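The block underneath contains the structure these notes are about, expressed in structure tokens.
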Protein chains: 2
Amino acid sequence: MTTRWLTSEEQRAWRAYIAATHLLEDAIDRQLQQDAGMPHLYYSILANLSEVPDRQLRMTDLAEKTKITRSRLTYAVSRLEKDGLVRRENCKWDGRGSIAALTDEGMAVLERTAPGHVETVRASLFDHLSEEQVRQLEEICAQIAGALDEGGSRPTPDEVPWRRRSAPPCS
Amino acid sequence: MTTRWLTSEEQRAWRAYIAATHLLEDAIDRQLQQDAGMPHLYYSILANLSEVPDRQLRMTDLAEKTKITRSRLTYAVSRLEKDGLVRRENCKWDGRGSIAALTDEGMAVLERTAPGHVETVRASLFDHLSEEQVRQLEEICAQIAGALDEGGSRPTPDEVPWRRRSAPPCS
DNA sequence: CAGGCTTGGTTCAAGTTTGAAACAAACCTA
DNA sequence: TAGGTTTGTTTCAAACTTGAACCAAGCCTG
């Protein structure tokens, strides 16, 4: 089949998307590196842990939540562990498993740096969008994520007792 | 001032955004790494060069267009040069300047791999959005990029004769 | 036109990411 | 229950990114 090239409308959207994501990523990373001494991804890991019961998660679940590869997560958690913000434990129910748990210090860092982070997200993103656009953005991103996430997002196994999931709060 | 936390609407949008951008980036990178042997950024560099008069650009202009840092660009161009896809030249008008020029081989690689890339962008992104949403996405991203790009996007100096700019085509 | 500031690029070390391979525990299935 | 497959995680080397120096070449201003 001959290539379905992008329409000029799509091209503009794609280019704007690339530019916006690069710039936004840079802004967020720069601020967090400054104020929390870690890149955004690492902050996200802490944030995700903080919102879950017992503030701990199995590596694979954490990778799934943050949409990153396992090896990337392993590296990140190792660094965070070295910094004392996360502790690794063995999974009691599954000898293969490994659990990342937020330490008190990790929680403290999170609490201390969250305001600055949120402020940056606001200043970089939401301050420039109308409420309507925020809704549109969510819808658009949810659709994209949903489509690309097949296989990763198999239905939550609530019937499996030892694998709790939880509800979402912050960044 | 007390922190303006995100509303739950904003939180959902932010999380969806993070997920979507991670997943999309991964999908695009994976495909290009497979089929073109280079990550998306490197492909973008070639693409940007291909669309500009004479298929060459000063490093700083190229960095500006792709929204990346100069040092990142230096590294990338070095690799592309090693691969024979880009050639470096000295800027005739400015002794400090350095120019990256797309080689014929670079152009060939681009032409060979563009269809697969476009197809992936389509399959990963546009196929999941309505025309209306594409417009919304562009508007949203343009606003974000515009806001974050101050200082980088000083008015195009058309009055400077030796620094041509040009119109945009593909990815 | 000398000294100093600015601009365009590169370099370097430290940190991060990638993807494939290695391991080990758990889960079959005959 | 032995052997083979799947699943959870780490490891390793190669590639990439970061940010702070650094080096030149232009651009003042006195």
Side-chain angles (χ1 to χ4, degrees), chain A residues 22 25-34 36-45 56-83 86 88-100 151-152 154 157 160 162-163, chain B residues 22 25-34 36-45 56-83 86 88-100 151-152 154 157 160 162-163:
Chain A
H22 276 182
E25 258 263 305
D26 276 8
I28 304 275
D29 266 339
R30 189 160 38 251
Q31 184 269 326
L32 278 173
Q33 194 65 59
Q34 278 273 320
M38 66 181 86
H40 185 203
L41 174 63
Y42 292 59
Y43 180 93
S44 294
I45 290 172
Q56 56 176 47
L57 228 35
R58 290 190 57 165
M59 293 298 276
T60 295
D61 293 339
L62 193 45
E64 167 61 25
K65 263 182 103 90
T66 47
K67 309 299 180 201
I68 62 172
T69 62
R70 264 115 60 168
S71 86
R72 194 179 179 184
L73 180 61
T74 294
Y75 180 88
V77 166
S78 303
R79 199 261 233 197
L80 291 171
E81 189 177 26
K82 209 167 302 170
D83 294 349
V86 156
R88 249 191 254 259
E89 287 169 15
N90 293 345
C91 182
K92 290 180 192 135
W93 320 282
D94 185 340
R96 295 166 295 185
S98 167
I99 285 183
R154 41 207 145 175
V160 182
W162 43 268
R163 209 183 250 187
Chain B
H22 277 182
E25 258 263 305
D26 276 9
I28 304 274
D29 267 338
R30 189 160 39 252
Q31 184 269 327
L32 278 173
Q33 194 65 60
Q34 279 274 320
M38 66 182 86
H40 185 202
L41 174 62
Y42 292 58
Y43 180 94
S44 293
I45 290 172
Q56 55 176 48
L57 228 35
R58 290 190 58 164
M59 293 299 275
T60 294
D61 293 339
L62 193 44
E64 168 60 24
K65 263 182 103 92
T66 49
K67 309 297 179 201
I68 61 173
T69 61
R70 262 118 84 224
S71 87
R72 193 179 180 184
L73 180 61
T74 294
Y75 180 88
V77 166
S78 302
R79 197 261 231 196
L80 292 171
E81 188 177 27
K82 209 168 301 170
D83 293 349
V86 155
R88 249 191 253 259
E89 287 169 16
N90 294 343
C91 182
K92 289 180 191 132
W93 318 283
D94 186 341
R96 297 165 296 182
S98 166
I99 285 182
R154 40 206 147 175
V160 183
W162 42 268
R163 208 184 252 184

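For clarity, every value in this text was computed on a predicted model and none was experimentally measured.
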Taking only N and O in the side chain of [X], is any of them less than 4.0 Å away from OP1 or OP2 of [N]?
{"X": "A/S71", "N": "C/dT17", "value": "no"}
{"X": "A/R88", "N": "D/dT9", "value": "no"}
{"X": "A/S98", "N": "D/dT10", "value": "yes"}
{"X": "A/Y42", "N": "C/dT17", "value": "yes"}

Nearest to the side chain of [X], heavy atoms from C-beta on, is which of [options]?
{"X": "B/M59", "options": "D/dT10, D/dG19, C/dG9", "answer": "C/dG9"}
{"X": "B/R79", "options": "C/dG9, D/dC16, D/dG26", "answer": "D/dC16"}
{"X": "A/T74", "options": "C/dT18, D/dT18, D/dT10", "answer": "D/dT10"}
{"X": "A/Y75", "options": "C/dT17, C/dG9, D/dT9", "answer": "C/dT17"}
{"X": "B/R70", "options": "C/dG19, D/dT18, C/dG9", "answer": "C/dG9"}
{"X": "A/D94", "options": "D/dG8, C/dT17, D/dT18", "answer": "D/dG8"}

#### Entry: side-chain contact (heavy atoms from CB on, under 4.5 Å) involving B/D26 - partner list, sequence neighbours excluded
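With sequence neighbours excluded, B/D26 shows a side-chain contact (heavy atoms from CB on, under 4.5 Å) to B/R30, given in chain and number order.
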Nearest whole angstrom, please: distance from the [atom2] of [N] to the [atom1] of [X].
{"X": "B/R72", "N": "D/dA15", "atom1": "CZ", "atom2": "C1'", "answer": "13 Å"}
{"X": "A/L32", "N": "C/dT16", "atom1": "CG", "atom2": "P", "answer": "13 Å"}
{"X": "A/K92", "N": "C/dA26", "atom1": "NZ", "atom2": "C1'", "answer": "19 Å"}
{"X": "A/I28", "N": "D/dT17", "atom1": "CD1", "atom2": "P", "answer": "20 Å"}
{"X": "A/L41", "N": "D/dC16", "atom1": "CG", "atom2": "P", "answer": "20 Å"}
{"X": "B/E89", "N": "C/dG9", "atom1": "CD", "atom2": "C1'", "answer": "16 Å"}
{"X": "A/L62", "N": "D/dG8", "atom1": "CG", "atom2": "P", "answer": "14 Å"}
{"X": "A/E64", "N": "D/dT9", "atom1": "CD", "atom2": "P", "answer": "13 Å"}

Contact between [X] and [Y] at the side-chain level, heavy atoms closer than 4.5 Å - yes or no?
{"X": "A/S78", "Y": "A/R88", "answer": "yes"}
{"X": "A/T66", "Y": "A/R72", "answer": "no"}
{"X": "B/Y42", "Y": "B/P39", "answer": "yes"}

### Query
How close do B/C91 and B/S98 get, heavy atom to heavy atom, and via which atoms?
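Closest approach of B/C91 to B/S98, heavy atoms only: CB-N, 4.2 Å.
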### Message
Please find the pair of heavy atoms, one from B/A76 and one from B/I45, that lie closest to each other, and give the distance.
### Response
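Heavy-atom minimum between the residues: CB-CD1, 3.6 Å.
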### Message
Between the opening five pairs and the closing five pairs of the helix from C/dC1-D/dG30 to C/dA30-D/dT1, how far apart are the helix axes, to 10°?
### Response
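Rounded to the nearest 10 degrees, the bend comes out at 20°.
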### Query
With nearest nucleotides of DNA chain C determined for A/M38 and B/S78 from heavy-atom distances, which residue corresponds to the more 5′ nucleotide?
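Here B/S78 is the residue nearer the 5' end.
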### Query
With nearest nucleotides of DNA chain C determined for A/Q33 and B/Q33 from heavy-atom distances, which residue corresponds to the more 5′ nucleotide?
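Final value for this comparison: A/Q33.
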### Message
Mind checking if A/L73 touches a base, just sugar-phosphate, or nothing, with heavy atoms under 4.0 Å?
### Response
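If one applies the 4.0 Å heavy-atom cut-off, A/L73 turns out to touch nothing in the nucleic acid.
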### Task
Determine the contact category for B/R30: base if any of its heavy atoms lies under 4.0 Å from a base atom, sugar-phosphate if only primed atoms, P, OP1 or OP2 are that close, otherwise nothing.
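Nothing, no nucleic acid heavy atom in range.
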### Message
If you go through the side-chain atoms of A/R96, does one of them form a donor-acceptor pair with the base of D/dT7 closer than 3.5 Å?
### Response
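In this structure, the two groups form a donor-acceptor pair.
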#### Entry: With B/R70 via side-chain hydrogen bond (donor to acceptor under 3.5 Å, both in side chains) - residues at least two apart
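In terms of side-chain hydrogen bond (donor to acceptor under 3.5 Å, both in side chains), with neighbours along the sequence ignored, B/R70 is linked to no residue.
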### Message
Any salt bridge linking A/R79 with A/D83? Criterion: basic side-chain nitrogen under 4.0 Å from a carboxylate oxygen.
### Response
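A/D83 and A/R79: salt-bridged.
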#### Entry: Reported CD-to-CG distance for the pair B/E25 and B/L41, which is rounded to 0.5 angstrom
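Nearest 0.5 Å value for the CD-CG distance: 9.0 Å.
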### Task
Let me know, please, whether A/G97 or A/D26 comes out on the 5' side of the other along DNA chain D by nearest nucleotide.
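That would be A/G97.
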